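Small disclaimer: the values here were computed from a predicted structure and weren't measured.
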Amino acid sequence: MQDVMAGIAANPALPERLFEPLAKTGDEDVRRVLTYREDLSERQACILLAYDDVDVHSLIARGKVPWAEVPRHDSSFLLAAAQAGIAPTEVVRGLAVHHDPEVRGELASYVTGLPPDVLAILARDPDPSVAEAAAESSELPADLAEELARHPHVVVRVSLAHNDRIAPALLAALLADGVSPAPTRCAACHPRTERCSDHTAGIRRIRLAAATNPAVPPAGLEDLLDADETGAPAEIAERTDLPAAFHARLATHPAALVRETLARNPSIGEPLILQLTEDPDPGVRLAVAENPSVPLSYLTTLAGRRRLPDGPLPRILNATEHELHALATSRVAQARALAAARPDLPARLVDRFAKDSDIGVARKIAPHPRLAGHQLADMADRHGPPVYGAIAQNPGCPATLLRRMARDIGSARRALRPIAAHPDSPPDVIEGLLANPDPRVVHAAAAHPALPVETMERLINRAAAS
């Protein structure tokens, strides 16, 4: 019954008069769904505040609770009010000097639009975890960023190096040598003590952090392309502004993750793409399929050998009508399915794919909005329940076909979820699915706006009486 109640709690057509009875009748999960409703009013939020199991912090942070109703006894609620922008400035300043560094750190991490003097207080906080959080602020002024670049703690400089809003020249300096003078607190070098004499490991952490920042000028990245720490080279491999020589070196990096990332990069050019199609790692060869510039011949060959990623591939989205026609006539079923997944297909290809005998192609084309009701019915007749779920995702699927598929005894459970969620599913179908054994189907049916209000009220009253 709680699956039904949770679905009703998410129902956009839930009447105002049923909100309070549902909050009272439901359990913690039901009230959680009510809490996260997009259309939640201040009055409804205040109703939920009466329950101990409600996420009060979320209600406040999302601006659903007026300042007058925010509990003052808990700093987390005051932080949430600061997040929502409803806390007075003096309260925000009080949080910036709170005795608990965790509170100060959360203020620096999660609250935007801080007054400049408050951000400066946090950046100069004696606790490095607070300064670390402030260093990530997108509103950090240039003079404060310069100051934090010389902070004695490595963690603060690392955090600053991740900030893509600071000046490129400062990022370049962090990338080059971690900025002078060297840090004097470097847990990266010797984890058991804060002080150390050799800061090599800490400075490298700063440089690696800067290397992963997309705003850092590419010129200084050369000596990190072969780094053993694969995270940095992998993120560098995503960049589209690198010199061709950098791409060529990344293509031979020993870590497959780096080469996989590079294989998806749209800026690498066809010669390097072809090189990566011969990579010894199968994951790299598969990643090439997601590159917008991959030759269609390779894509078709790969489609005949192994399963490719779901969804329209970038190269398919870039294909010309002539190329799409070539794919549509391919003997490789998965190649046809790749083309069928493209959302802006010409009408003649939509019709062609609708008649395709392969069920994989049928699943890809079934949700296409250009398909007529009779074409969807023909596909249901041809392929049966395995394609019902894809047909039910079509926004134009007729109510009669939705009813027929829902009542088909052989219908797969996965097909019932999109049927239950389809905007044109008839009320009798929706009510019938409330008794389905799959809780996700039940939730979707109970959340359907076509569920009659009388049914919602009857179900809520039944739950209250049980």
Side-chain angles (χ1 to χ4, degrees), residues 132 135-136 138 140 145 148-149 154-180 182-183 186 188-189 199-294 309 313-315:
E132 176 186 8
E136 294 181 1
S138 60
L140 200 65
L148 288 173
V154 165
V155 292
V156 176
R157 299 194 198 189
V158 167
S159 181
L160 184 69
H162 283 300
N163 191 330
D164 61 6
R165 299 297 183 91
I166 66 174
L170 185 56
L171 275 176
L174 289 164
L175 177 66
D177 60 6
V179 178
S180 297
C186 187
C189 299
H199 304 287
T200 303
I203 291 171
R204 184 163 181 83
R205 280 186 61 197
I206 298 168
R207 296 190 64 223
L208 288 168
T212 65
N213 192 319
V216 74
L221 295 170
E222 186 169 6
D223 69 332
L224 291 174
L225 297 177
D226 306 315
D228 293 333
E229 303 91 341
T230 56
E235 293 204 38
I236 294 171
E238 290 182 358
R239 295 182 60 146
T240 57
D241 60 347
L242 297 179
F246 285 17
H247 286 151
R249 280 180 55 188
L250 289 166
T252 60
H253 195 282
L257 173 64
V258 176
R259 304 196 306 277
E260 276 185 38
T261 306
L262 184 68
R264 298 184 182 95
N265 190 321
S267 68
I268 62 175
E270 189 167 315
L272 199 53
I273 290 174
L274 293 175
Q275 176 184 326
L276 290 168
T277 63
E278 304 295 330
D279 193 277
D281 188 279
V284 176
R285 299 195 298 273
L286 183 60
V288 175
E290 298 179 61
N291 192 299
S293 302
V294 63
L313 293 174
R315 180 63 179 89

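The NE2 atom of His247 lies 10.5 Å from the CD1 atom of Ile236; values are rounded to the nearest 0.5 Å. Interatomic distance, CG of Leu160 versus CG of Leu148, reported as 6.0 Å (0.5 Å rounding). Distance check: Ile166 CD1 to Leu140 CG gives 8.0 Å after rounding to the nearest 0.5 Å. How far CD of Glu270 is from CD1 of Ile273: 6.5 Å, rounded to the nearest 0.5 Å. Annotation: the span from Glu260 atom CD to His253 atom NE2 amounts to 13.0 Å, rounded to 0.5 Å. From Asp164, atom CG reaches atom OG1 of Thr212 across 10.0 Å, with rounding to the nearest 0.5 Å.
When all heavy atoms are compared, the tightest approach of Glu238 to Thr261 is CG-CG2, 3.2 Å. The two residues Pro233 and Leu225 make their nearest non-hydrogen contact at CB-O, 3.7 Å. Heavy-atom minimum distance, Ala172 versus Val216: N-CG2, 4.2 Å. Across all their heavy atoms, Glu290 and Pro314 have their closest contact at O-CG, 3.3 Å.
With Asp279 as reference, Val284 is the one residue of Leu286, Leu262, Val288, Val284 to meet the side chain to side chain contact (heavy atoms under 4.5 Å, CB included) rule. When each of Thr240, Asn291, Leu242, Leu250 is tested with Ile268 by the rule side chain to side chain contact (heavy atoms under 4.5 Å, CB included), just one qualifies, namely Asn291.
For the pair Asn265 (side chain) and Arg239 (backbone), a donor-acceptor distance under 3.5 Å is present. Looking at Arg259, its side chain never comes within 3.5 Å of a backbone N or O of Leu276 through a donor-acceptor pair. Under the 3.5 Å distance criterion, the side-chain polar atoms of Asn213 are matched with a main-chain donor or acceptor of Ala161. Here the side chain of Arg264 pairs no donor or acceptor atom with the backbone of Ala287 at under 3.5 angstrom.
When side chains are defined from C-beta on, Arg165 counts as touching Ser138, because their heavy atoms get closer than 4.5 Å. Side chains of Leu224 and Leu175 form a contact here, defined as non-hydrogen atoms less than 4.5 Å apart. Contact of the Ser159 side chain with the Val156 side chain is not registered, since no non-hydrogen atoms from C-beta on lie closer than 4.5 Å. In this structure, the side chains of Asp241 and Pro218 come closer than 4.5 Å at one or more pairs of heavy atoms.
With respect to Arg207 and Asp223, a salt bridge is recorded, a charged nitrogen being found less than 4.0 Å from a carboxylate O. Ion pairing between Arg204 and Glu229 holds under the 4.0 Å rule for side-chain N and carboxylate O. Under the 4.0 Å criterion applied to side-chain N and carboxylate O atoms, Glu222 and Arg249 are assigned as salt-bridge partners.
Residue Asp228 qualifies as open at atom CG: its count of foreign heavy atoms under 6.0 Å is 12 or below.
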